[in-house]
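Order of the sequence lines fixes the chain letters, A, B, ..., with proteins taken first and strands second; residue numbering starts at 1 for each chain. Here the structure is a predicted model, which means the values were calculated and not measured.
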Amino acid sequence: MDSGTLSTDEVGAFDLQSTLESGQTYLWGREDGSMYDRGDAYGGDAKYTTVVRPENAPPGDPLGTKVGPQVVRVRQIDDCLEWEATFDAETTLRRRLRLDDDLAAIRAATSDDSILQAAFDRYWGMRVVRDPPFETLISFICSAQMRVSRIYDMQRSLADEFGESVTVDDHTYHAFPTPDALASATESQLRDLGLGYRAPYVQRSAEMVASGEGHPAEAAGMAYEDARESLTQFVGVGEKVADCVALFSLGFLQAVPLDTWIRTTIAEYFPECDRGNYAETSRAIRERLGGEYAGYAQTYVFHHLRNDGTERSD
DNA sequence: TAGATACCTTATAG
DNA sequence: ACTATAAGGTATC
């Protein structure tokens with residue numbers, strides 16, 4: 001196993017638990033098994049694991065020289081991010097966790113509204129993630145009308161059932177399924193995993209990618225609103241899910257997914273931004289929150305409201 | 001083209 | 001215990 005460390009001196013403030021347990025990514029698991037278990041506790045120094053595929057690596061990433069699924073584990077001890085992996089994972093971690101983002105500059109470019117500043121203060125160091133496009137597409141197709149903890153369970157079930165396995169240190173992990181694997185699944189098999197009406201959406205969208213009809217990564221080079229429109233070609237993907245893929249995978253930091261939480265926030269704090277339809281409301285709240293970094297603002301507000309809004313965690 | 005409705009499943013509130 | 005409601009919406013009519 002390779003290993004290494006990254007400190008805040010190198011990458012600025014970061015908060016691993018908030019980054020990985022804020023409903024942005026469903027590709028990591030906690031070694032203690034309590035991912036998204038509220039109630040049980042603080043995972044400040046928990047160890048997180050994910051399985052990555054060499055074919056998802058950008059040019060120059062040491063990951064790209066490997067064959068078959070690879071494993072990365074990370075934990076945060078105070079100001080230090082410690083990792084161990086079956087390859088030299090620093091490049092991958094910097095990219096996937098957006099460790100090169102200048103958080104202070106991003107915050108400075110967003111609005112000074114109290115709700116947003118409270119979220120920044122509370123979870124300072126949280127990063128927007130940059131997950132692989134296909135994985136993100138499927139995860140957020142599954143997210144429709146679903147709680148975060150259940151979305152996570154569903155992705156875990158998909159991986160266990162259809163993903164390639166890899167064993168490290170006597171522990172077996174499963175990679176996220178390939179487009180081929182999910183395209184070959186039947187609706188009935190997917191319903192058995194509890195996907196409900198999302199089952200045919202997942203199968204058909206996977207089939208589109210597997211057959212070459214389209215790929216979510218193709219939207220990366222487009223102008224933001226064209227990218228969002230393009231992503232809705234996939235079955236089960238409307239404007240909201242398209243924004244999630246744009247933000248959490250394709251690097252469109254201006255994307256603000258209009259979910260139930262942000263809609264509540266708009267009604268309460270920014271009623272003038274409600275323009276009656278998705279596209280116009282999206283533009284208004286994007287300009288209001290932070291323009292090119294509005295998606296970062298949304299991610300902080302979402303996590304803050306979901307974590308501290310209605311429930312008492314203490 | 002805008003608006004209403006059905007849709008799987010499960011955790012939680014009442 | 002039992003029912004109603006809502007959960008990071010979308011497709012269809």
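dA2(B) and dG9(C) are spaced 22 Å apart, taking the P atom of each and rounding to whole Å. Between the P atoms of dT9(B) and dA1(C), the separation comes to 24 Å (whole Å). Here, dG3(B) and dA7(C) have their C1' atoms 23 Å apart, quoted to the whole Å. Look at the P atom in both dC13(C) and dC8(B): the space between them is 14 Å, to the nearest Å. Only the P atoms considered, dA13(B) is 14 Å distant from dG8(C), to the nearest whole Å.
A salt bridge between D131(A) and R96(A) is present, with a side-chain N of the basic residue lying under 4.0 Å from a carboxylate O of the acidic one. Electrostatic pairing of K47(A) and E84(A) counts as a salt bridge here, judged by a charged N lying under 4.0 Å from a carboxylate O. In this structure, D243(A) does not pair ionically with K240(A), as no charged nitrogen and carboxylate oxygen lie closer than 4.0 Å. In summary, R75(A) and D45(A) do not engage in a salt bridge, as defined by a charged side-chain N under 4.0 Å from a carboxylate O. One finds no salt bridge joining D101(A) and R127(A) here, because no Lys/Arg side-chain nitrogen approaches an Asp/Glu carboxylate oxygen to under 4.0 Å. For the pair R263(A) and D274(A), the salt-bridge criterion is not met [side-chain N within less than 4.0 Å of a carboxylate O].
For F87(A), the ring pair (Phe, Tyr, Trp, His ring centres under 6.0 Å) criterion is met by no residue, not counting sequence neighbours. Checked against side-chain hydrogen bond (donor to acceptor under 3.5 Å, both in side chains), E225(A) has the following partners two or more places apart in sequence or in another chain: R283(A), R286(A). By the salt bridge (Lys or Arg N to Asp or Glu O under 4.0 Å) test, D100(A) is found to be paired with R94(A), residues two or more places apart in sequence or in another chain being considered. Applying the ring pair (Phe, Tyr, Trp, His ring centres under 6.0 Å) rule to Y26(A) yields the partners F140(A); only residues at least two apart in sequence or on another chain are considered. Partners of H304(A) according to the ring pair (Phe, Tyr, Trp, His ring centres under 6.0 Å) rule, which considers only residues two or more places apart in sequence or in another chain, do not exist here.
A heavy atom lying under 4.0 Å from DNA chain C marks the following residues of residues 196-217 of chain A, by number: Y197(A), Y201(A). Contacts of residues 143-156 of chain A with DNA chain B (heavy atom under 4.0 Å): R147(A), R150(A).
Between K240(A) and V237(A), it is K240(A) whose nearest contact on DNA chain C lies nearer the 5' terminus.
Here chain A contacts DNA chain B (any atom closer than 4.0 Å to a heavy atom, that is under 4.0 Å), and the contacts span dC7(B) to dA11(B) from 5' to 3'. For DNA chain C, the contact window with chain A, defined by any atom under 4.0 Å from a protein heavy atom, covers dA6(C) to dA11(C) in 5' to 3' order.
If you check every strand for non-hydrogen atoms under 4.0 Å, Q298(A) touches a base. When heavy atoms are screened at a 4.0 angstrom cut-off, S22(A) is found touching base atoms of the nucleic acid. Across all strands shown, F140(A) has no heavy atoms under 4.0 Å from either base or sugar-phosphate atoms. Among the protein residues, G23(A) comes within range of the nucleic acid bases, having at least one heavy atom under 4.0 Å from a base atom.
For residues 159-182 of chain A, every residue pair satisfying the ring pair (Phe, Tyr, Trp, His ring centres under 6.0 Å) rule, not counting sequence neighbours, is listed here: H171(A)-Y173(A). Residue pairs that meet the ring pair (Phe, Tyr, Trp, His ring centres under 6.0 Å) test with at least one member in residues 178-221 of chain A, sequence neighbours left out, do not exist here.
Annotation: cation-pi geometry satisfied between R107(A) and W124(A) (NZ/CZ under 6.0 angstrom from ring centroid, within 45° of ring axis).
Taking each heavy atom of T86(A) and K66(A) in turn, the nearest pair found is O-NZ, 3.2 Å. Nearest approach of L190(A) to A199(A), heavy atoms of both residues: CD1-O, 3.4 Å.
For the strand DNA chain B, secondary-structure stems (runs of at least three Watson-Crick or G-U pairs, all distances below 3.5 Å) span B:3-7 with C:9-13, B:9-14 with C:2-7.
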